[in-house]
Protein chains: 2
Amino acid sequence: MLEIDKQSPLPIYYQIEAYLKQQIDDGLLKPGDTLPSEREFSEQFHVSRMTIRQAIMNLVNAGYLSRQKGRGTFVASQKIAMTLSGLTSFSEEIKHRGMRPLSRLLSYEVIPATDRIAQQLSIPNQTPVYEMKRLRLADDHPLALETAYIPVHLLPDLTQDDATGSIYAYAEQHGLRLKNATQTLEARSAGPEEAKLLTISPNAPVLLIDQRTYLEDGGMFEYSRSLFRGDSYSFTVAMDRI
Amino acid sequence: MLEIDKQSPLPIYYQIEAYLKQQIDDGLLKPGDTLPSEREFSEQFHVSRMTIRQAIMNLVNAGYLSRQKGRGTFVASQKIAMTLSGLTSFSEEIKHRGMRPLSRLLSYEVIPATDRIAQQLSIPNQTPVYEMKRLRLADDHPLALETAYIPVHLLPDLTQDDATGSIYAYAEQHGLRLKNATQTLEARSAGPEEAKLLTISPNAPVLLIDQRTYLEDGGMFEYSRSLFRGDSYSFTVAMDRI
DNA sequence: CTCTATAATCTGTTCAGACAACTAGTTTAA
DNA sequence: TTAAACTAGTTGTCTGAACAGATTATAGAG
């Protein structure tokens, strides 16, 4: 039974939201199950119906619940929720698939932005940017080849050591607030050098993923281009409102 | 200037939402612009602040706006909104890219579901399903090869003619409410027959997209597998909360 | 026993107001 | 001059209430 702490700095709706999400993740609430009505929740937790509503609506948007006017609130099928709440960090994703992630830094330098990179990052030509090439491995098997570009002025003190770990974590520790990203996927054939690094034969199919990462204030943080081995990586995405 | 119709069957928040979306799409509100505060809107439209909030929050979730506590509400960069509101129909997407979509029905039959298809559709083995193969063209150039499976009991009266047009539209006209879909993408090499139909050389890279479409009640509507030409198709997706 | 009207229950929408937390600019004190 | 305190403005959270619209169960009429 959930105890709500109205004194907590965490909002009440957030506490209820986390509680329900836990119940679903733990399997105590199964897909198709009917949830108590808003009024019942409201009395049970001694909070306003609008507060309950906010918790429920967030879970509906995240794909955990579904509701129908006049009928009630139901637990949604699980797969959608998994893919809708976008976990993006390479390390997290590999761990989630039950493998051990590893990165090898192939190169690290500061270069003036070329036309294409400047355009992708929405910055003037020749602006200094970090260029970092990394080989991504899962259980010691090469999985992807990534080239990332970040404007130097956003992270002026970044060192080669920092680049070995998670850049996202480093950025957030230095006051940058990342908000969202867009990815563009395409099928390509691997070139000779790429094939060698990924230990596949030349012209084998690879998934080319261009990623643009945005900051809270709307500015761009990073542009990266990755090549994933076609035989060992697939990408899943959920879409609403067809 | 927007006139709100409080007698309209359309909710007030929805009218405000549509009005703001229009302003953004028309370029009257540009990325980075600051919106009036909630209180100002509230007085301007003579509605409660909570109603304004609901309109704004929906647009924030759709990627059109962003907000910061203590600062205000701002128009977000456009690309994200475009990809976040998931337009999925092949025809719509091709039109959106300024091309002319066309479908050629290659085969249409009712078969008992094989293991793989039954599993993908969450139905018992051997259940009758429609199998429809279509070649998708954009401006008369072959773009994709699609094989779709739909349980017969969901659309018992489907004819070959119906299958030539939009199945989604047909399903909705017959009382089925589609809710969402998941897509899994992978890079592959084209086989000999596939290559011939797509007019590419054998072993050329193709994008394999598996799609599962769900109904409002949580049941599955369709499983389809498409092969897109790697040289002429890319797929974009937006992700929140990194 | 069947069909229809009614009632109860549910989510959806809207309101007016209150206080908290954060931001940015201004004023005051050292 | 500089730093701290204050203030006005903004979004975030929460309350309690009311009515609308959809769905389901129930009671009553035929």
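Only this structure's heavy atoms are used, side chains among them; waters, hydrogens and symmetry mates stay out. In what follows, chains are A, B, ... by sequence order, proteins preceding strands, each numbered from 1.
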Heavy-atom pair of closest approach, residues B:Asp33 and B:Leu28: OD2-O, 4.3 Å
Short side-chain N/O contact to C:dC15 OP1/OP2 from B:Thr51, under 4.0 Å: yes
Steps toward side-chain contact (heavy atoms from CB on, under 4.5 Å) verdict (A:Arg67, A:Glu38): CA-CA 11 Å; A:Arg67 23 184 31 201; A:Glu38 295 176 352; 2.8 Å; yes
Main-chain N/O of A:Val47 paired with A:Ser42 side-chain donor or acceptor, under 3.5 Å: yes
Interatomic distance where CG belongs to A:Leu59 and C1' belongs to C:dT11 [whole Å]: 16 Å
Nucleotide C:dC10, atom P - distance to CD of A:Glu43 in whole Å: 10 Å
N/O donor-acceptor pair under 3.5 Å between A:Asp162 side chain and A:Thr159 backbone: yes
Where do N or O atoms of nucleotides 17-22 of chain C meet protein N or O atoms at under 3.5 Å, pair by pair?
{"from": "C:dA18", "atom 1": "N6", "to": "B:Arg49", "atom 2": "NH1", "distance (Å)": "3.3"}

Donor-acceptor side-chain pairing of A:Thr164 and A:Asp161 below 3.5 angstrom: no
Geometric class of the A:Phe235/A:Tyr233 ring pair [parallel <30°, tilted 30-60°, perpendicular >60°]: tilted
Any donor-acceptor N/O pair, A:Gln15 side chain to A:Leu10 backbone, under 3.5 Å: yes
Nearest-Å distance for atom pair CG/P, residues B:Asn58 and C:dG12: 12 Å
OP1 or OP2 of C:dT14 under 4.0 Å from side-chain N/O of B:Tyr13: no
A:Ala163 backbone acceptor or donor facing A:Arg134 side chain under 3.5 Å: yes
Side-chain H-bond candidate by donor/acceptor type, A:Tyr149 with A:Arg116, under 3.5 Å: no
Given DNA chain C, 5'-ward residue of the pair A:Arg53 and A:Glu40, judged by closest heavy atom: A:Glu40
d(CG, A:Leu65; C1', C:dC10) in whole Å: 15 Å
Parallel, tilted or perpendicular: ring planes of A:Tyr108 versus A:Tyr130, cut at 30 and 60 degrees: parallel
Student check: side-chain heavy atoms of A:Ile150 and A:Met132 closer than 4.5 Å: yes
Value in whole Å for how far the P atom of C:dT13 lies from CD of B:Gln7: 17 Å
Outermost nucleotides of DNA chain D that come under 4.0 Å of a non-hydrogen atom of chain A: D:dT13 to D:dT24
B:Ile52 CD1 - C:dT14 P separation (whole Å): 10 Å
Difference in axis direction between the ends of the helix from C:dC1-D:dG30 to C:dA30-D:dT1, five pairs, 10°: 10°
Rounded interatomic separation in angstrom, taking NE2 from B:His46 and C1' from C:dA16: 15 Å
